[in-house]
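Because only heavy atoms are used, hydrogens play no part in the values below, and waters and symmetry mates are left out as well, while side chains stay in. Counting starts at 1 for both ligands and their atoms, in listed order.
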Amino acid sequence: MAKSEFFHEININLPTHEYKIHIGKACLSNVDLLNGYLAGTQVLIVTNTTVAPLYLLEIQRAFSSIQCDVVVLPDGEVYKNQHSLNQIFDTLITHHHHRDTTLFALGGGVIGDITGFAASTYHRGVRFIQLPTTLLAQVDASVGGKTAINHPLGKNMIGSFYQPHAVIMDVNTLQSLPEREFRAGLAEIIKYGLLESRAFFKRVHDDLQQNLLSNPPLLADLVAHCCEIKAKIVQEDERELGKRALLNLGHTFAHALEAYTKYERWLHGEAVGIGLYCAALLSQRMGYLSEIDLHSLDKLLQLAQLPRRIPKDINLDKLMQLMFHDKKILQNKLRFVLLRAPGDCFVESKVSHEELHQSLISAQEGE
Ligand SMILES: NC(=O)c1ccc[n+]([C@@H]2O[C@H](COP(=O)([O-])OP(=O)(O)OC[C@H]3O[C@@H](n4cnc5c(N)ncnc54)[C@H](O)[C@@H]3O)[C@@H](O)[C@H]2O)c1
């Protein structure tokens with residue numbers, strides 16, 4: 001078995017809860033680390049049919065001397081639902097898991113969100129540990145304590161704010177991730193570049209020119225920096241009453257594009273790629289962002305091989321209607337995160353319909 005190596009440890013300090021994010025390689029098989037986080041002597045690992053054959057066994061081994069149950073869900077966003085949640089509860093109840101059980105979420109954001117939600121409600125809240133295995137889950141979904149399932153009438157409509165007890169990330173798991181999923185995760189990293197600073201934006205550009213997967217310390221460094229950026233924002237505004245809204249940069253566009261195409265055309269990160277370009281274009285049209293910065297973002301998205309333009313077949317009026325259904329609407333005003341420069345983002349609620357429409361036209365393929 002490969003020896004665990006840890007590159008980073010990040011502390012998250014929230015008013016009511018503190019926890020660590022461990023980032024390393026081969027660390028999912030670290031018996032001492034995993035056992036150190038147990039609340040008692042019962043464990044439930046939640047994973048899916050794709051991830052289980054890859055990593056489940058090494059985690060089960062760590063718990064060979066205690067009660068360790070497993071729920072293997074079917075793979076896919078469509079299974080982030082009430083039925084899967086009940087499967088988790090059924091297993092917990094039929095195997096007599098007590099209040100001091102510990103849930104492990106082994107997989108991408110879907111598994112993390114549903115396991116976190118189960119943990120937040122079983123016995124009014126039990127301990128859970130995130131073991132994120134996608135790039136998107138490592139830099140985004142596993143950090144910050146948002147948990148949810150989907151409802152047939154809307155994505156992430158039922159959920160809670162519930163922080164994990166720890167997050168353990170093994171960058172080696174990204175080796176088995178399909179390339180398209182890896183690139184989708186890069187969109188969120190580019191978003192952090194825009195949120196953080198011109199220097200980090202440039203560093204993301206430099207790192208993406210390397211083969212990140214063949215350089216675990218470099219990849220771990222990049223992941224760690226993104227987690228730190230998200231952690232800093234979440235620490236200031238855990239419940240998204242203010243600053244946390246900045247994390248939605250590009251997402252009002254992305255959510256509308258995903259809903260328009262019934263979540264079938266793009267991975268979330270791919271829709272975020274287009275969304276980031278749209279947000280930057282709108283910022284530039286409104287006189288906040290320079291042409292040069294818009295162009296640099298476009299080049300970076302291209303380097304990450306992400307989609308950047310709204311396809312021609314998308315009807316922009318219908319897309320705008322969907323944007324007005326976004327659950328981030330406050331007092332009937334659509335709020336956009338806009339940019340003055342990398343590292344200088346802000347929430348703007350005074351975007352006119354006309355300005356938005358013209359930006360979408362400019363962001364469409366062939367314009
Ligand atoms: N809670 C939050 O703050 C937050 C933030 C962003 C996204 N999300 C949620 O996260 C979900 C998207 O997460 P995601 O992009 O990780 O998608 P996902 O969980 O569907 O994983 C993507 C695919 O990769 C597979 N996979 C996972 N790890 C693998 C590995 N190491 N090797 C091979 N295949 C692997 C999965 O089985 C799946 O097919 C959405 O439901 C979204 O709502 C939550």
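- Between Glu77 and Lys155 a salt bridge is recorded (basic side-chain N to carboxylate O distance below 4.0 Å).
- Ligand 1 places these atoms under 4.0 Å from at least one heavy atom of Leu54: 32 (N), 33 (C).
- The part of Leu136 lying near ligand 1 is the side chain, judged by heavy-atom distances below 4.0 Å.
- Of all the heavy atoms of Lys230, the ones lying under 4.0 Å from any atom of ligand 1 belong exclusively to the side chain.
- Of the candidates Ala141, Gly109, Pro132, Gly76, it is Ala141 that places a heavy atom closest to atom 4 (C) of ligand 1.
- Taking the six-membered ring where the residue is Trp, the centroids of Phe200 and His225 are separated by under 6.0 Å.
- For Phe253 and Phe336, the ring centers are positioned less than 6.0 Å apart.
- Summarising the contacts of atom 11 (C) of ligand 1 with Val272, Val234, Asn172, Val110, the nearest heavy atom is found in Val110.
- Checked options Arg265, Arg180, Arg309, Arg183; the residue passing with Glu270 is Arg180 (criterion: salt bridge (Lys or Arg N to Asp or Glu O under 4.0 Å)).
- Salt bridge Arg335/Glu348: absent, no basic N to carboxylate O contact under 4.0 Å.
- Note on Asp293 versus Arg198: salt bridge recorded, some NZ/NE/NH1/NH2 to OD/OE distance being below 4.0 Å.
- Annotation: atom 40 (C) of ligand 1 to nearest protein heavy atom, Glu77 OE1, 3.1 Å.
- No part of Leu267 comes within 4.0 Å of ligand 1, judged by heavy-atom distances.
- Residue-to-ligand polar distances keep Glu181 apart from ligand 1: every N/O pair is separated by 3.5 Å or more.
- Near Thr50, meaning under 4.0 Å from one of its heavy atoms, ligand 1 places the atoms 34 (N), 37 (O).
- Taking each of Leu135, Asp75, Thr133 in turn, the one with a heavy atom nearest to atom 36 (C) of ligand 1 proves to be Asp75.
- For atom 35 (C) of ligand 1, the closest heavy atom belonging to the protein is Leu177 CD1, 3.6 Å.
- Here Glu196 does not pair with Lys230 in a salt bridge; the nearest charged N to carboxylate O distance is not below 4.0 Å.
- Using a 4.0 Å heavy-atom cutoff, Lys155 is listed among the residues neighbouring ligand 1.
- Within the 4.0 Å heavy-atom shell around ligand 1 one does not find Glu258.
- Note that Arg127 lies outside the cation-pi zone of Tyr37, set by a 6.0 Å cut-off to the ring centre and a 45° limit from the axis.
- The shortest N or O to N or O distance between Asn48 and ligand 1 is under 3.5 Å.
- Side-chain contact between His205 and Leu303 is present, with at least one heavy-atom pair separated by less than 4.5 Å.
- Ion pair Lys25/Glu5 flagged as a salt bridge, since at least one NZ, NE, NH1 or NH2 atom sits closer than 4.0 Å to an Asp/Glu carboxylate oxygen.
- Of the protein's non-hydrogen atoms, Ser176 O, 3.1 Å is the one closest to atom 33 (C) of ligand 1.
- Within the 4.0 Å heavy-atom criterion, neither part of Thr147 lies near ligand 1.
- Residue His268 places no N or O, backbone or side chain, under 3.5 Å from any N or O of ligand 1.
- Of the polar atoms of Asp140, none of the N or O atoms is found under 3.5 Å from an N or O of ligand 1, judged by distance alone.
- Ion pairing between Arg61 and Glu58 fails under the 4.0 Å rule for side-chain N and carboxylate O.
- In terms of protein heavy atoms, atom 9 (C) of ligand 1 is closest to Asp113 OD2, 3.4 Å.
- Ion pair Glu240/Lys146 flagged as a salt bridge, since at least one NZ, NE, NH1 or NH2 atom sits closer than 4.0 Å to an Asp/Glu carboxylate oxygen.
- Looking only at heavy atoms of the protein, atom 21 (O) of ligand 1 is closest to Thr134 CG2, 3.6 Å.
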